[in-house]
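Worksheet: one structure, shown below.
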Amino acid sequence: MHKAAFLSCLLLTASAKCCHRSGHVPPPPANPVQDISYTVLDTRQNNLFQSYPGVSVANAQAFWTNSLDLSQRIEFAGGVLAIEKIEKAHNWQAITTVTKIHGSAPSLPSEQQFNNEVLWDKNAVTHFKKLPCWGTHIALLHPGQYGYQENRDGDPFLGLVVLFDENPADPNQPGGQFHIGFRSFFGHYEPENGDIGNAENYQLYERWYGLVDSFLPQP
């Protein structure tokens, strides 16, 4: 299946190259840290996290610190920040709720690691479909879902991928997930592909979306 998905993505490469958005590398943080504190979440991240299952205003900070591991904290903060960039640029909100945060889980296949499961706004599909330079995602690793990809650096393997359930229980809040791809070709199907906290991947993340506050991963 990985080979089939790889070959399918190759067919999209030529059209994806019409949009080359390389971004720029921001200055390094003055006081880098190797974790993400709850206190640095912005308003959008905070509101989404406080609607996470089991989280309330009263216990949000303790839940963040004690119930999520570092890979989950990075996946949520970095993933939502990337989606925020899209939302703010186009003046709409795509996510209504984050329902599950997947970080590193070595015993699971790559597609079950490093993503955020969400409930989308009912208009999110239409919005993402119309974004310039984005394209249809070949969702062979995600049966029962379809979606769109950002085509960062003119590469169909790179950047945000947003997925939607084909048969949502509530069409007004369709379920799905999103993640960020950092590796091309066969590397796209390895677990490290979606790991925002990977030092090599984070260099790309910085260039595409900016820093997650003062976070810098261990080299």
Side-chain angles (χ1 to χ4, degrees), residues 1-26 74-95 102 110-111 113-118 120-121 123-166 174 176-198 200-212:
M1 182 177 287
H2 289 184
K3 184 175 181 180
F6 165 76
L7 293 173
S8 297
C9 282
L10 282 182
L11 297 176
L12 300 176
T13 301
S15 60
K17 287 183 177 178
C18 71
C19 293
H20 188 87
R21 296 158 296 140
S22 60
H24 67 278
V25 179
I74 297 169
E75 185 63 31
F76 175 86
V80 171
L81 182 62
I83 289 285
E84 275 191 87
K85 301 287 185 180
I86 304 297
E87 293 179 331
K88 290 178 179 177
H90 299 279
N91 197 32
W92 43 260
Q93 289 194 342
I95 302 170
H102 297 277
S110 62
E111 61 269 24
Q113 301 183 59
F114 301 113
N115 69 79
N116 290 285
E117 293 186 38
V118 299
W120 297 106
D121 179 83
N123 296 315
V125 171
T126 301
H127 289 315
F128 282 114
K129 186 177 182 179
K130 292 180 179 179
L131 285 176
C133 301
W134 284 57
T136 301
H137 184 69
I138 306 299
L140 293 180
L141 298 184
H142 308 279
Q145 294 184 320
Y146 69 99
Y148 304 95
Q149 62 198 27
E150 192 177 11
N151 297 328
R152 274 281 175 176
D153 294 351
D155 188 325
F157 294 99
L158 301 182
L160 276 164
V161 173
V162 297
L163 297 172
F164 302 85
D165 292 346
E166 292 178 345
Q177 61 115 306
F178 70 92
H179 61 274
I180 301 172
F182 295 99
R183 307 291 175 94
S184 289
F185 303 107
F186 288 110
H188 188 76
Y189 305 105
E190 298 299 325
E192 292 78 11
N193 168 67
D195 183 1
I196 299 172
N198 174 281
E200 181 180 342
N201 293 352
Y202 195 70
Q203 292 179 5
L204 289 174
Y205 182 95
E206 289 180 68
R207 179 160 60 83
W208 296 340
Y209 311 112
L211 294 165
V212 183

Reported CG-to-CG distance for the pair Asn151 and Leu131, which is rounded to 0.5 angstrom: 11.0 Å
Within-4.5 Å side-chain heavy-atom neighbours: Glu150 and Leu158: no
Interatomic spacing from CD1 in Ile86 to CD1 in Ile95 - rounded to 0.5 Å: 11.0 Å
His142 and Gln177, any side-chain heavy atoms less than 4.5 Å apart: yes
Under 3.5 Å: donor-acceptor pair, side chain of Asp165, backbone of Gln145: no
Side chains of Phe114 and Asn193 in contact at under 4.5 Å (non-hydrogen atoms): no
Backbone of Ala124 reached by a side-chain donor or acceptor of Trp92 within 3.5 Å: no
Qualifying residue, where the test is side-chain hydrogen bond (donor to acceptor under 3.5 Å, both in side chains) with His102 and the options are His179, Gln113, Glu111, Glu117: Glu117
Expected output: side-chain Glu87 to main-chain Ala94 donor-acceptor under 3.5 Å: yes
Shortest non-hydrogen separation from Ala82 to Ile180 and the atoms involved: CB-CD1, 3.9 Å
Asn123 backbone acceptor or donor facing Asp121 side chain under 3.5 Å: yes
Approximate separation, where rounding is to 0.5 Å, of Ile83 CD1 and Gln93 CD: 11.5 Å
Flag side-chain contact, heavy atom, 4.5 Å: Tyr148 against Leu160: no
Student check: side-chain heavy atoms of Thr136 and Tyr146 closer than 4.5 Å: no
Contact check, side chains of Arg152 and Tyr209, non-hydrogen atoms, under 4.5 Å: yes
N/O donor-acceptor pair under 3.5 Å between Asp195 side chain and Asn201 backbone: no
Separation between CD1 of Ile196 and CZ of Phe76, rounded to the nearest 0.5 Å: 11.0 Å
Validation row: Trp134, Val162 side chains within 4.5 angstrom (heavy atoms): yes
Gap between atom NE2 of His137 and atom CZ of Phe164 - 0.5 Å precision: 12.0 Å
Heavy-atom side-chain proximity of Asn115 to Phe178 below 4.5 angstrom: no
